[in-house]
Amino acid sequence: MNFVVAVDGSAAADRALDHALTMLEPLGATVTIVHAVEPQVLVEGGEEPVTGVARTGDRIVAESLEDAESRAEHVLQAAAEHAADAGVEATTELLYGDPVEAIPTYADEADADGIFVGHRGLSKRYEGLVGSVAKELVERASCPVTVVR
């Protein structure tokens, strides 16, 4: 059996990893920990919220690919060390692109038997604006997805 665990450095992802390790260790399943690199765009400074593109000025800062990769490698290394501490040998894979596309694609290519992902429990309003990776994975993946709260 082969499973994928998606991590992003959040507490929800840590809970998903813990749950996956607890479930999979007795099965002797292989575990691949994945993180999708997607450079972040941040709005910095100013007291007023950004209300449109014309008002952003110098407030938009895009994370470089190198910084995103460095952040991702740190997240993957910490997760792999956590798995090793739990007695589970896990491999890691750095993916590129939107997690809701990259993770199911990887799971298909790896012939995964399932995906584990954390859910942050964001408000309905916020989730409606930005979406939920966990929800999208459930809808897009061709294998079972375990969402851990």
Side-chain angles (χ1 to χ4, degrees), residues 1-44 49-51 53 56 59-149:
M1 298 190 87
N2 177 30
F3 291 88
V4 171
V5 181
V7 297
D8 63 3
S10 68
D14 291 344
R15 288 190 300 274
L17 179 58
D18 283 339
H19 183 68
L21 296 174
T22 300
M23 300 291 293
L24 302 177
E25 190 272 332
L27 300 175
T30 61
V31 176
T32 303
I33 302 168
V34 301
H35 178 80
V37 170
E38 185 176 41
Q40 298 177 357
V41 176
L42 308 170
V43 178
E44 295 182 338
V50 174
T51 58
V53 175
T56 59
R59 294 176 58 193
I60 291 184
V61 178
E63 179 181 38
S64 73
L65 180 58
E66 292 79 20
D67 287 346
E69 288 173 332
S70 177
R71 180 175 42 85
E73 289 293 345
H74 176 73
V75 167
L76 288 172
Q77 181 179 358
E81 289 172 1
H82 183 75
D85 290 345
V88 176
E89 186 176 328
T91 58
T92 61
E93 193 70 38
L94 184 60
L95 310 177
Y96 289 87
D98 185 344
V100 300
E101 295 174 7
I103 294 168
T105 299
Y106 176 81
D108 284 344
E109 291 169 357
D111 197 26
D113 295 299
I115 300 170
F116 287 81
V117 64
H119 186 273
R120 294 183 185 180
L122 302 173
S123 72
K124 295 267 188 207
R125 182 176 180 195
Y126 185 78
E127 193 173 288
L129 291 172
V130 299
S132 164
V133 171
K135 181 179 176 183
E136 290 291 324
L137 288 178
V138 168
E139 292 176 4
R140 293 177 183 230
S142 61
C143 61
V145 177
T146 302
V147 179
V148 180
R149 290 187 58 100

Item to check | Pairs where residues 23-36 contributes a residue and the test side chain to side chain donor-acceptor pair (under 3.5 Å) is met, not counting sequence neighbours | outcome: Asn2-Thr30, Thr32-Thr91
Checklist outcome for this item: Nearest heavy-atom contact between Val34 and Leu76 is C-CD2, 3.8 Å
Checklist entry - Which atoms form the tightest heavy-atom contact between Ala83 and Leu21, and what is the distance? => result CA-CD1, 3.7 Å
Checklist entry - What pairs of residues pass the salt bridge (charged side-chain N to carboxylate O under 4.0 Å, His left out) test when at least one of them lies in residues 80-95, not counting sequence neighbours? => result none
Checklist entry - Would a 4.5 Å heavy-atom cut-off, applied to side chains only, mark Leu137 and Pro104 as touching? => result yes
Checklist outcome for this item: To the nearest 0.5 Å, atom CD1 of Ile33 lies from atom CG of Leu94 at 13.0 Å
Checklist entry - With side chains defined as the heavy atoms from C-beta onward, is the minimum distance between Phe116 and Leu24 less than 4.5 Å? => result yes
Checklist outcome for this item: Residues Leu95 and Ala102: closest non-hydrogen pair is CD1-O, 3.8 Å
Item to check | Those residues that, when tested against Glu69, pass side chain to side chain donor-acceptor pair (under 3.5 Å) (two or more places apart) | outcome: Tyr96
Checklist entry - Which heavy atom in Ala36 sits nearest to a heavy atom in Pro99, and how many Å separate them? => result CB-CA, 3.7 Å
Checklist outcome for this item: residues 10-20 vs side chain to side chain donor-acceptor pair (under 3.5 Å), sequence neighbours excluded, gives Asp8-Ser10, Asp18-His82
Checklist entry - Out of Val133, Val145, Val117, which one pairs with Val138 under the side-chain contact (heavy atoms from CB on, under 4.5 Å) rule? => result Val145
Checklist entry - Is there any side chain to side chain donor-acceptor pair (under 3.5 Å) pair reaching into residues 98-111, and which pairs are they, with sequence neighbours excluded? => result Asp108-Ser142
Checklist entry - Between Gly114 and Cys143, what is the shortest heavy-atom contact and its length? => result CA-SG, 3.9 Å
Checklist entry - Of the non-hydrogen atoms in Ala141 and Ile115, which two are nearest, and what is the gap between them? => result CB-CD1, 3.9 Å
Next on the checklist: Ala80: which residues meet the side-chain contact (heavy atoms from CB on, under 4.5 Å) condition with it, sequence neighbours left out?
Outcome noted: Thr92
